[in-house]
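Below: the structure, in structure tokens.
Chain letters run A, B, ... following the sequence lines, proteins first, then strands; residues in each count from 1.
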Amino acid sequence: GESVGLHLPTLSVQEGDNSIINCAYSNSASDYFIWYKQESGKGPQFIIDIRSNMDKRQGQRVTVLLNKTVKHLSLQIAATQPGDSAVYFCAEIPSFQKLVFGTGTRLLVSP
Amino acid sequence: GAVVSQHPSRVICKSGTSVKIECRSLDFQATTMFWYRQFPKQSLMLMATSNEGSKATYEQGVEKDKFLINHASLTLSTLTVTSAHPEDSSFYICSASLGQGGMNTEAFFGQGTRLTVV
């Protein structure tokens with residue numbers, strides 16, 4: 001079935017380092033992908049999205065890379081801060097507005 | 001960005017009772033809302049798609065008689081967990097999209113509701 005998975009369940013970094021969170025997706029028909037940040041006890045918060053006709057998109061301190069050949073998505077966070085500590089989910093849209101979430105990666109930022 | 005409000009944020013109920021969770025889009029109209037369930041340290045799993053003025057569409061394995069969804073207006077969808085049992089304890093999250101059609105639209109999420117059934 002459809003699945004969106006992450007390689008690393010937990011990523012620990014030092015404050016100021018760059019973080020890279022990876023995601024593999026399985027549905028080649030998906031043409032829209034989103035990264036979400038979820039803090040404890042809260043709903044997901046939109047970070048950045050990318051369409052399948054792009055391979056890179058940049059936001060403020062964040063960059064999403066898409067490799068359709070190997071069905072791989074990554075989120076890069078520059079100069080990681082303690083406030084970035086959260087669980088990060090990638091999500092794809094294989095059909096009308098229905099998000100399929102990956103398993104999540106917990107990012108721990110130590111000072 | 002658009003705001004989606006979910007209420008209550010936490011609820012504790014006795015086994016066998018029913019609990020209603022509200023999801024409101026505060027500054028936009030949402031033809032479609034989505035309900036998710038999330039167990040600790042796990043991902044969000046879509047339960048159902050709530051369509052204004054029509055019946056909800058449930059994902060495979062989700063009991064529609066157990067999880068009643070009503071989408072009476074363009075700004076409100078409710079999820080009622082009927083005859084709740086301890087295994088229904090979970091984090092329930094709703095989302096709404098700004099899109100009127102098409103796939104590639106941003107979804108905004110509510111704050112989530114922590115349900116504990118004792």
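- The same ILVMFWY cluster, assembled from side-chain heavy atoms under 4.5 Å apart, contains both Val13(A) and Val62(A).
- Among residues 64-78 of chain B, no residue has any heavy atom closer than 4.5 Å to a heavy atom of chain A.
- Proximity to chain A involves both the backbone and the side chain of Leu44(B), based on heavy atoms less than 4.5 angstrom apart.
- Other residues, nucleotides and ligands place more than 12 heavy atoms under 6.0 Å from the NZ atom of Lys68(A).
- Counting only heavy atoms from C-beta outward, the side chains of Tyr36(B) and Leu99(A) approach each other to under 4.5 Å.
- Within a 6.0 Å sphere centred on CD1 of Ile12(B), heavy atoms belonging to other residues, nucleotides or ligands number 12 at most.
- For Gln38(B), the part sitting under 4.5 Å from any heavy atom of chain A is the side chain, from C-beta outward, and nothing else.
- For CD of Gln60(A), the number of neighbouring non-hydrogen atoms (other residues, nucleotides, ligands) closer than 6.0 Å is 12 at most.
- Residue-environment remark: CZ (Arg10(B)) stays at or below the threshold of 12 foreign heavy atoms within 6.0 Å.
- Hydrophobic clustering places Leu107(A) together with Leu73(A) (ILVMFWY residues linked when any side-chain heavy atoms are closer than 4.5 Å, directly or through intermediates).
- Only the side chain of Gln38(A) has a heavy atom closer than 4.5 Å to any heavy atom of chain B.
- No donor-acceptor distance shorter than 3.5 angstrom exists from the side chain of Ser43(B) to the backbone of Gly104(A), with no hydrogens or angles considered.
- Linking ILVMFWY residues whenever their side-chain heavy atoms come closer than 4.5 Å, directly or via other members, leaves Met45(B) and Tyr92(B) in distinct clusters.
- Within 6.0 Å of atom NE2 in His85(B), more than 12 heavy atoms from other residues, nucleotides or ligands are found, so the atom counts as buried in its surroundings.
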